[in-house]
Amino acid sequence: MVLSRIANELKPSGTIGVSTKINQMAAAGISVVGFGMGEPDFDTPDNIKKAAIRAIEEGFTKYTPTAGIPELKEAICEKLWQDNGLRYNPSQVVVSAGAKQSIHNLTLILCDKGDEVIIPAPYWVSYPEQVKMAGARPAFIHTTEETDFKVTPEALKKAITSRTRLLIINSPSNPAGVVYTESELRELVEVAIARGLYVISDEIYEKITYYGLHHCSPASLDEGFMEKIITVNGFSKSYAMTGWRLGYAAGPEEIIRAAVKVQDHTTSCPSSIAQKAGIEALKGDQGFINSWLEEYDRRRLYIVERLNRIEGISCLLPKGAFYVFPNISRLYQGKLAGNNISNSTELVELLIEKAGVAFVPGVCFGSEDHVRISFATEMSQIEEGMDRLERFLSS
Ligand code: PMP
Ligand code: GLU
């Protein structure tokens, strides 16, 4: 069968792949503890659900303007001002079916064929594939535990070429839980802007930081930055609304207008019902976020401690988001249950089959030396998963 370049080049999503496998195994009655998909195990708060039910009952079930209803865009602008110190007006906001769609729109309108997009690695699985869909080329800056998985301004300078158009920053990050400080962000953005790049700042994990660290929106650091940075955020992680598909991008009006054109011809507006729920999410009580955060923190400390006790594994404490990204490269030396393991995919497959635990291979995020474990899952599952891993690796 002859398919397009995109069909041949795109990799399937590793995060979605592992969770599909976990679901299939569970349906077949095979016990596997899943740490695949990164989505909060908490339920969407009741006030948000009720707003959606009200929207349906009131017949708010038709197309809306592509970029979202004015009331939601105004609530987003108010949120960006109050939480992030960002002054946007509604014409600078486009609401999409998830932050994923917002980023896809942006890569399509900011990049041409042959352009390069700098992506710090480890990275979220979809960035490189979205860049490829835009005809551009991902250019990775590899980072390790030595710099806490942070990109330095020097490394960024070296990675920029005459073809570079765009830098993607994700803080707090998936999968390594990196949280950049204000001064680190300022330095990176200054380098990028001095070389004429646009910057996408993916802030979807903004509410999930530990150690009392505060999230910083790079566009808030300088008036001039607002012209070059597009801020992306969404409702999936902060409000446990993954299935509602609601996210947004805010940036210069010309860029947002172009993003809306893409959306006009792809999905049109995001769900009208989800939009009404989004207004309630932003305007309603925010109290639950702190209790979720306390619970994530408890799990984070527990899982890192358990992992570091296992011979052959070492794991940094993440500073944000709800993933750990342990280094498992020492497990490649010698045999595991009689098998030679030489990469993260083989390790994950062996662990699913022999230990009954499912992680996401690090290679999906740009590193063969790691696996990703989401701790947005109940503590009892984490305990059981760590027991299984420890038992298997010590046998
Ligand atoms: N960015 C990052 C870093 C993510 O981990 C995710 C996970 N879903 C997204 C964007 C997309 O989120 P959504 O489309 O659910 O808003
Ligand atoms: N962002 C989540 C993850 O990394 C959800 C799955 C996805 O969209 O990739 O697991």
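Worth knowing before you read on, the calculation uses all heavy atoms, side chains too, and leaves out hydrogens, waters and symmetry mates. Just follow the structure's listing: the first ligand is 1, and inside any ligand the first atom is 1.
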Tell me: protein heavy atom nearest atom 9 (O) of ligand 2, and distance? T15 OG1, 2.8 Å
Starting from atom 5 (C) of ligand 2, which protein heavy atom do you reach first, and at what distance in Å? G38 O, 3.7 Å
Quick check on side chain to side chain donor-acceptor pair (under 3.5 Å): which of R372, E349, E368, H370 does S344 satisfy it with? E368
Through direct or indirect side-chain contacts below 4.5 angstrom among Ile, Leu, Val, Met, Phe, Trp and Tyr, which residues connect to L10? I6, M133
Have Q130 and T107 got a donor and an acceptor in their side chains that come within less than 3.5 Å? no
Looking at residues at least two apart in the chain, or sitting in another chain, which of them share a side-chain hydrogen bond (donor to acceptor under 3.5 Å, both in side chains) with S268? none
Ignoring hydrogens and geometry beyond distance, is a side-chain donor-acceptor pair present between E311 and S394 at under 3.5 Å? no
Under 3.5 Å side-chain donor-acceptor pair for N89 and E253: no
Atom indices of ligand 2 within 4.0 angstrom of M37 heavy atoms, with elements: 5 (C), 6 (C), 10 (O)
Counting from 1 in the order shown, the ligand 2 atoms closer than 4.0 Å to a non-hydrogen atom of V125 are 9 (O)
For ligand 1, output the ligand-protein N/O contacts shorter than 3.5 angstrom; if there are none, return none.
residue	atom	partner	partner atom	Å
ligand 1	1 (N)	D202	OD2	2.6
ligand 1	5 (O)	N174	ND2	2.7
ligand 1	5 (O)	Y205	OH	2.6
ligand 1	8 (N)	K237	NZ	3.0
ligand 1	14 (O)	A99	N	3.2
ligand 1	14 (O)	K100	N	3.0
ligand 1	14 (O)	R245	NH2	2.8
ligand 1	15 (O)	S236	OG	2.6
ligand 1	15 (O)	R245	NH1	2.8
ligand 1	16 (O)	A99	N	2.7
ligand 1	16 (O)	S236	OG	3.4

Report the part of F365 in contact with ligand 2, treating N, CA, C, O as backbone and CB onward as side chain, heavy atoms under 4.0 Å; options are side chain, backbone, both, neither. neither
Write out the residue and atom name of the closest protein heavy atom to atom 8 (O) of ligand 2, then the distance separating them to 0.1 Å. K100 NZ, 3.0 Å
Return a yes/no value for N174: is any of its N or O atoms, backbone included, closer than 3.5 angstrom to an N or O of ligand 2? yes
Fit a plane to each ring of F235 and Y239, take the angle between them on a 0 to 90° scale, and name the class: parallel (under 30°), tilted (30 to 60°) or perpendicular (over 60°). tilted
Would you say W124 has any N or O atom under 3.5 Å from an N or O of ligand 2, going by distance alone? yes
Any donor-acceptor N or O pair under 3.5 Å, side chains S96, Q263: yes
Is the F140 ring parallel, tilted or perpendicular to the Y123 ring (thresholds 30°, 60°)? parallel
Remaining members of W81's ILVMFWY cluster at a side-chain heavy-atom cut-off under 4.5 Å? none
